Amino acid sequence: MNRTLKRPMFRIGGSAGTGITSGLDQPQKMANGGRTGYKQGSMPTFQAQGLPGFLTSFGLNLLSTPPQGNIFQTAATAARDPFNRLQASQAAAASTAEDRAFKEKLLERQIESDEAIAEMKKKDSFFAAQTPEEQFRERAKIYSESSIPVIKNNATDLANFEVKNRGENYVQLNFEYDKKTKKFEPDFRSVPEGALTYDPGKGIAYRMTRRDDGILAPIPLNPFTLEPLENIDGSES
C-alpha cells in the first residue's frame, strides 16, 4: 500500500464531525430526491464567510483532490480556491467598513455644518437689531472667549472690521489646526466666490475671486479701503 495512505489522517476509525470532516456527521436536507447543495460530479458550495468557511471548503477539497506528489502539495492544491474566496470576502468586508465609516464622517460633518449655520443665523438676527456700538461690544466679547488663539487675541480688530463692513457680502474666515505648524491656519474653502472675509491674525481682508485659470483664490485687500494689495509685505516690485 502507498505510504501516504498509511499515514494517521487516512486510517479508518474515529468519528465523523471533527477536524477536516467537521459538519459531515449532520444529516443533510433532501430536496428533489437528492441532497441540497450538491450537483452530480462536483463538491457542495459553501457560503460561509471567513476562516470557518475556508476550513470547511479546504477539508472537503482535500478529500476529493487526487494526490499531488506528497501531502503538502496536495494540501496546497486543495487550499488554493478556498483561500482565494477567503481573500475576496475579507476585501469586500473591509471595503464595506471603510465606506460605512466614510459616510458616517460625512454625516457628522454635515451635522456640524448645519449647527454652525443655524448659530450664525441666530447671531445675525440678534446683531441686526442692535446699533453698531452694541454690535461691536457683543462681537468683541464673544470673540475674546474663543478657543482659537488668532480670534481671541484679535477680538477687537475682528469685531471692528465686521461691524464696519456689515453691509458687505461678508463670511467669517474659518481656522483649522495644522499639526505641522502647530498653529491654527486660515481655511478659505468655506468662503464662496465674491464674498469678503478677514484674517485677524494678519490684519488683511480678502475677496474670493476666480482667476483666469478658473481657480478660486483669496485676493488680499486693504482692510480700510478694500482696495487690492499689490505687495502684502509693503515691498516695492
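Model, not experiment: these values are computed from the prediction.
Counting heavy atoms of neighbouring residues, nucleotides and ligands inside a 6.0 Å radius, atom OH of Tyr177 exceeds 12 of them.
When each of Pro149, Pro200, Ser146 is checked for a side chain to side chain contact (heavy atoms under 4.5 Å, CB included) with Phe175, only Pro200 meets the rule. Residue Thr181 is tested with Lys183, Glu185, Lys179 for a side-chain hydrogen bond (donor to acceptor under 3.5 Å, both in side chains); the sole match is Glu185. With Tyr143 as reference, Ile151 is the one residue of Ile151, Ile148, Asn154 to meet the side chain to side chain contact (heavy atoms under 4.5 Å, CB included) rule.
Going from atom CG of Asn169 over to atom OG1 of Thr197 covers 10.5 Å, rounded to the nearest 0.5 Å. Summarising the geometry, atom OH belonging to Tyr206 is positioned 9.0 Å from atom CG belonging to Leu221; distances are rounded to the nearest 0.5 Å. Atom CZ of Arg189 and atom CG of Asn174 lie 9.0 Å apart (nearest 0.5 Å). Taken from CD1 in Ile204 to CD1 in Ile219, the straight-line distance is 12.5 Å, to the nearest 0.5 Å.
With sequence neighbours excluded, no residue forms a side-chain hydrogen bond (donor to acceptor under 3.5 Å, both in side chains) with Lys152. Asp212 is linked by a side chain to side chain contact (heavy atoms under 4.5 Å, CB included) to nothing, counting only residues two or more places apart in sequence or in another chain. With sequence neighbours excluded, no residue satisfies side-chain hydrogen bond (donor to acceptor under 3.5 Å, both in side chains) with Thr225.
Residues Ser144 and Ala155 approach most closely at N-CB, 3.5 Å, considering heavy atoms. The minimum heavy-atom distance linking Leu173 with Pro186 is given by the pair CD2-CB, 3.6 Å. When all heavy atoms of Arg139 and Ala159 are compared, the pair lying nearest together is CB-CB, 3.7 Å. Val191 approaches Leu216 most closely through the heavy-atom pair O-CD2, 4.2 Å.
The shortest distance between side-chain heavy atoms of Thr156 and Phe136 falls below 4.5 Å. Between Pro132 and Arg166, the closest side-chain pair of non-hydrogen atoms falls below 4.5 Å. Contact check for Arg207 versus Glu168: side-chain heavy atoms found under the 4.5 Å cut-off. Contact check for Phe161 versus Leu196: side-chain heavy atoms found under the 4.5 Å cut-off.
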Worked verdict on Met208 versus Val171 for side-chain contact (heavy atoms from CB on, under 4.5 Å): CA-CA 10 Å; Met208 292 301 290; Val171 175; over 6 Å; no
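In this structure, the side chain of Gln135 engages the main chain of Gln130 through a donor-acceptor pair within 3.5 Å.
No donor-acceptor contact under 3.5 angstrom links the side chains of Glu162 and Tyr198, judged on distance only.
Here Asp178 does not pair with Lys180 in a salt bridge; the nearest charged N to carboxylate O distance is not below 4.0 Å. Classification of Arg137 and Glu133 as a salt-bridged pair fails, no side-chain N sitting under 4.0 Å from a carboxylate O.
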